[in-house]
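Read through the structure below, which is laid out as C-alpha cells, and then see the notes.
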Amino acid sequence: MELMKLPRVDSKLRVFLFKIQFRSQVSDLKRNLNVVNSSAEEIRGSVKLKRIMQTILSLGNALNQGTARGSAVGFRLDSLLKLSDTRARNNKMTLMHYLSKVLSEKLPELLDFPKDLASLELAAKVQLKSLAEEMQAINKGLEKVEQELTISENDGPVSEIFCKTLKGFLSGAEAEVRALTSLYSNVGRNADALALYFGEDPARCPFEQVVTTLHNFVKLFTRSHEENCKQLDLEKKKAQKEAEPEKAKGESEN
C-alpha cells in the first residue's frame, strides 16, 4: 500500500538496483581493463620475447635458404603456431622442439620468457566487445539515475529522501565513471598499438587474436621444452645403462 503512493515506483526500483550493483560493475570492468593494459605493456616490454622472435625469424630464413622466402625481414603472428606443425623428416621433432633445443643450448636465459607475460593468460579470456557493452551499460545506467533524480525533485515530500540519497550517490559515481571512461579509452589505444607492434592491422588482427595466439604459443613452447627435457633425460639414462656392462667388464679385467 505504501509503495503504491510512490510515483514511478518501478523506475525508482531500477535506479536503486543500478546503485546497488554499481560498485561491483565498476570494479569488474576496471579489473579487466587493467588486465588488458598490463598484458599489452608486458608483451611490448619483453626483451626476451623480442629475442625469441628474432631467433624464429633466423630459423625460418635458414630453412628457406635459396628460396624467395629465405631472406624475410619478418613474419605473420599466426606463423608462431605453425612451428608445431612443421616436422623433421623423422617425424619426431617439430620446429617448436628445435627452437626449444636451440634456446637451451645457445640462449638458455630466454627459456623463462613466459614469466615476462604474467597477465597473458587472463588477457586471453577478455573480449573487448564485452568490455564495450559493460562500459555502455554503466553510462546508460548513470543517465537513468540523473533523469529520475530530475523528475523526482518535482514529486514533493514523498521523494525527498530518495532524491537526497541519489544526490549523494551521484557525487561520487560521476567521478568514478569519468575515470573509468578515461581508462577505457587508454585501453583501446593500447590494444591497437599491440597489433601494430607486431606489424599487424588492428582491424584484421584484433587484441583478442594477438593475445590468444601468444598464449597458445607459450603453451606449445612450454610443452615442447618439457618433452625435450624428458627425451634428454631418457637418452642420459640409456647411455648410463649401456655404459654399465663396459664399466663392469673393465673392473673384472683389472
Side-chain angles (χ1 to χ4, degrees), residues 18 21-57 72-83 110 112-146 169-222:
F18 173 77
Q21 295 175 335
F22 178 76
R23 292 278 178 267
S24 61
Q25 282 183 319
V26 168
S27 177
D28 290 346
L29 180 54
K30 191 183 291 183
R31 184 176 62 252
N32 285 326
L33 290 172
N34 284 329
V35 163
V36 174
N37 267 345
S38 297
S39 179
E41 287 168 9
E42 287 164 7
I43 292 166
R44 292 170 65 191
S46 175
V47 175
K48 291 181 179 181
L49 179 62
K50 190 181 290 186
R51 290 180 66 192
I52 285 173
M53 293 289 190
Q54 291 169 343
T55 306
I56 293 168
L57 179 62
V73 294
F75 58 88
R76 297 294 299 272
L77 194 64
D78 59 6
S79 298
L80 289 174
L81 304 184
K82 294 174 184 175
L83 297 177
L110 302 184
D112 65 346
F113 80 95
K115 289 181 180 178
D116 288 356
L117 314 175
S119 306
L120 185 59
E121 187 174 355
L122 286 174
K125 298 173 184 176
V126 174
Q127 294 290 318
L128 292 188
K129 185 181 177 183
S130 297
L131 300 189
E133 289 169 355
E134 288 173 33
M135 187 74 244
Q136 189 177 24
I138 289 171
N139 279 320
K140 281 190 175 180
L142 204 62
E143 284 175 19
K144 292 270 176 68
V145 172
E146 290 167 344
F169 166 69
L170 274 175
S171 62
E174 285 172 336
E176 282 191 66
V177 171
R178 279 195 299 272
L180 196 63
T181 303
S182 176
L183 177 61
Y184 177 78
S185 299
N186 188 43
V187 162
R189 289 191 293 272
N190 280 342
D192 286 347
L194 185 62
L196 293 170
Y197 174 74
F198 289 106
E200 299 284 357
D201 179 357
R204 293 185 178 183
C205 186
F207 172 81
E208 293 90 342
Q209 190 173 328
V210 173
V211 292
T212 300
T213 300
L214 288 173
H215 180 50
N216 287 334
F217 168 69
V218 168
K219 288 196 293 185
L220 290 168
F221 177 86
T222 303

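Hydrogens, waters and symmetry mates are skipped; everything else that's a heavy atom, side chains included, is used. Nothing here was measured: the structure is a model prediction, and the numbers come from that model.
- Residue Lys50 comes nearest to Tyr197 through the heavy atom pair CE-OH, 3.3 Å, listed as atom of the first residue, atom of the second, then distance.
- Side-chain contact between Leu83 and Phe217 is present, with heavy atoms from C-beta onward closer than 4.5 Å.
- Of all heavy-atom pairs spanning Phe18 and Ala137, the tightest one is CE1-O, 4.3 Å.
- The aromatic rings of Phe22 and Phe169 sit perpendicular, their planes meeting at an angle over 60°, well past the 30° parallel limit.
- For the pair Leu49 and Ser46, the tightest heavy-atom approach, listed with the atom from each and the gap, is N-OG, 3.0 Å.
- Residues Leu57 and Gly74 approach most closely at CD1-N, 3.8 Å, considering heavy atoms.
- Between Phe198 and Met53, the closest side-chain pair of non-hydrogen atoms falls below 4.5 Å.
- Between the side chain of Glu42 and the main chain of Ala118, a donor-acceptor pair closer than 3.5 Å is present.
- Sparse packing is recorded around CD of Glu121, with 12 or fewer heavy atoms of other residues, nucleotides or ligands lying under 6.0 Å away.
- Here the side chains of Gln136 and Asn139 are not in contact, with every heavy-atom distance at 4.5 Å or above.
- A donor-acceptor pair is defined here as one N or O able to donate and one able to accept, closer than 3.5 Å; no such pair exists between the side chain of Asn186 and the backbone of Ser182.
- In this structure, CD on Glu208 lies 15.5 Å from NZ on Lys125, to the nearest 0.5 angstrom.
- Side-chain contact check for Leu29 versus Leu183: every heavy-atom pair is 4.5 Å or farther apart.
- To the nearest 0.5 Å, the span separating CG on Leu180 from CG on Leu142 amounts to 11.0 Å.
- If you take CG on Leu117 and OG on Ser38, they are separated by 12.0 Å, rounding to the nearest 0.5 Å.
- Scanning both residues, Val126 and Val35, for their nearest heavy atoms gives CG2-CG1, 4.4 Å.
- Rounding to the nearest 0.5 Å places CZ of Arg31 at 4.5 Å from CG of Asp28.
- Using a 4.5 Å heavy-atom threshold, the side chains of Val211 and Ile43 count as touching.
- Rounding to the nearest 0.5 angstrom, the gap separating the CG atom in Asn32 from the OH atom in Tyr184 is 12.5 Å.
- Counting only heavy atoms from C-beta outward, the side chains of Leu110 and Lys48 approach each other to under 4.5 Å.
- Val218 has its side chain within reach of Leu120: a pair of non-hydrogen atoms, C-beta onward, lies under 4.5 Å apart.
- Contact detail for Leu128 and Ala191: the closest heavy-atom pair is CD1-CB, 3.8 Å.
- Between Ser39 and Leu122, every side-chain heavy-atom pair lies at or beyond the 4.5 Å cut-off.
- Put simply, CG on Asn37 and NZ on Lys30 are 13.0 Å apart, with the number rounded to the nearest 0.5 Å.
- Although no hydrogens or angles enter the test, the distance criterion places no donor-acceptor pair under 3.5 Å between the side chain of Thr212 and the main chain of Gln209.
- A salt bridge is defined here as a Lys NZ or Arg NE, NH1 or NH2 lying under 4.0 Å from an Asp or Glu carboxylate O, and Arg23 with Glu176 meets this definition.
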